Amino acid sequence: MDLSKINVCDENCPVRKSLQLLSGKWTLLILYQINDQKVRYGELKRKIPGISEKMLIQELNQLVEHEMVYKKSFPQIPPKVEYTLSEKGLSTLPIIEQLATFGLNHLV
């Protein structure tokens, strides 16, 4: 696709669609923390200071709904849940790495 031919950011704009998937305040941080490993809920909560339980659950559910993250529940007490990135989620890692590089280069 030739991106230079996109001159209207309507509902079919790929930038708009990407932002709809990735624009949550915590979305990229969650994807970055899951990365290429299996991560449990409590581990994510510890790795992302400042996120409330409600927001973490909400963001994870949205990522699962958009098929960016897989959720595996184990039938045991206490409940055990693991999250991993899907192929779609893994495809965001280069974008996140570029954002991290930009942030490192422009830290004030």
Side-chain angles (χ1 to χ4, degrees):
M1 174 180 221
D2 184 4
L3 296 179
S4 67
K5 296 196 183 209
I6 300 170
N7 51 2
V8 177
C9 283
D10 61 7
E11 64 277 351
N12 296 315
C13 174
V15 174
R16 181 180 291 240
K17 296 241 184 228
S18 297
L19 287 174
Q20 287 172 344
L21 287 175
L22 302 174
S23 66
K25 178 179 178 180
W26 304 100
T27 303
L28 293 176
L29 293 173
I30 292 168
L31 293 170
Y32 179 67
Q33 288 303 322
I34 296 173
N35 215 305
D36 61 353
Q37 54 195 327
K38 294 178 184 175
V39 180
R40 294 183 60 189
Y41 174 84
E43 194 176 348
L44 276 174
K45 180 84 172 89
R46 283 189 300 277
K47 289 183 171 188
I48 307 173
I51 191 169
S52 68
E53 287 191 35
K54 178 184 174 187
M55 275 314 282
L56 181 55
I57 291 168
Q58 185 177 319
E59 292 273 345
L60 284 167
N61 287 337
Q62 199 166 26
L63 288 168
V64 169
E65 182 181 318
H66 289 129
E67 299 176 342
M68 298 186 76
V69 170
Y70 296 128
K71 176 181 179 180
K72 184 174 182 181
S73 300
F74 297 88
Q76 65 185 52
I77 296 177
K80 178 181 174 183
V81 179
E82 290 180 343
Y83 296 94
T84 55
L85 294 185
S86 66
E87 287 298 316
K88 189 192 251 187
L90 287 168
S91 72
T92 66
L93 294 179
I95 299 165
I96 296 169
E97 288 173 13
Q98 285 293 313
L99 283 170
T101 300
F102 177 84
L104 286 171
N105 291 335
H106 295 89
L107 286 173
V108 181

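Hydrogens, waters and symmetry mates are skipped; everything else that's a heavy atom, side chains included, is used. Since the model is a prediction, treat every value here as computed from it, not as a measurement.
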Undergrad: Looking only at heavy atoms, which two atoms of Thr27 and Leu63 are closest? And how far apart?
TA: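 In this case the closest contact between Thr27 and Leu63 is CG2-CD2, 3.7 Å.
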Undergrad: How far does CD of Glu82 sit from CD1 of Ile34, to the nearest 0.5 angstrom?
TA: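 Reported to 0.5 Å precision, the distance equals 11.5 Å.
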Undergrad: According to salt bridge (Lys or Arg N to Asp or Glu O under 4.0 Å), who are the partners of Glu67, at least two apart in sequence or on a separate chain?
TA: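 Per chain and number, Glu67 pairs via salt bridge (Lys or Arg N to Asp or Glu O under 4.0 Å) with no residue.
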Undergrad: Just verifying a value: how many Å separate Ile48 CD1 and Glu43 CD, rounded to the nearest 0.5 Å?
TA: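 Going from CD1 on Ile48 over to CD on Glu43, the span is 10.5 Å.
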Undergrad: For Phe74, is the CZ atom crowded, meaning more than 12 foreign heavy atoms sit under 6.0 Å from it?
TA: yes
Undergrad: Can you measure from OG1 (Thr92) to CD (Glu97) and round to the nearest 0.5 angstrom?
TA: 9.5 Å
Undergrad: Kindly give the heavy-atom pair with the smallest separation between Thr84 and Gln37, and that separation in Å.
TA: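 Between these two residues, the closest heavy atoms are CG2-O, 3.8 Å.
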Undergrad: Is it the case that the side chain of Lys45 and the backbone of Ile51 share a donor-acceptor pair, with hydrogens and angles ignored and the cut-off at 3.5 Å?
TA: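 Yes.
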Undergrad: Should we count OH of Tyr32 as having more than 12 external heavy atoms under 6.0 Å?
TA: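 Counting neighbours around OH of Tyr32, 12 or fewer heavy atoms of other residues, nucleotides or ligands fall under 6.0 Å, so no.
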Undergrad: Using the salt bridge (Lys or Arg N to Asp or Glu O under 4.0 Å) criterion, which residues pair with Lys71? Sequence neighbours excluded.
TA: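 Scan of Lys71 (salt bridge (Lys or Arg N to Asp or Glu O under 4.0 Å), adjacent residues dropped) gives none.
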Undergrad: So does Lys88 have more than 12 non-hydrogen atoms from other groups sitting under 6.0 Å from NZ?
TA: yes
Undergrad: For Leu85 and Leu93, run side-chain contact (heavy atoms from CB on, under 4.5 Å): C-alpha distance rounded to whole Å, both residues' side-chain angles, the deciding distance at 0.1 Å, then the answer.
TA: CA-CA 10 Å; Leu85 294 185; Leu93 294 179; 4.0 Å; yes
Undergrad: Looking at every non-hydrogen atom in both residues, tell me the closest pair between Ile30 and Leu44 and how far apart they are.
TA: O-CD2, 4.3 Å
Undergrad: What's the spacing between Arg46 CZ and Arg40 CZ if we round to 0.5 Å?
TA: 9.0 Å
Undergrad: Within this structure, what is the CD-CG distance for the pair Gln33 and Asn35, rounded to the nearest 0.5 Å?
TA: 8.0 Å
Undergrad: According to a hydrophobic-cluster definition based on side-chain heavy atoms being under 4.5 Å apart (Ile, Leu, Val, Met, Phe, Trp, Tyr only), do Ile96 and Tyr83 belong together?
TA: yes
Undergrad: Roughly how far, to the nearest 0.5 Å, is CZ of Phe102 from CG of Leu107?
TA: 10.0 Å
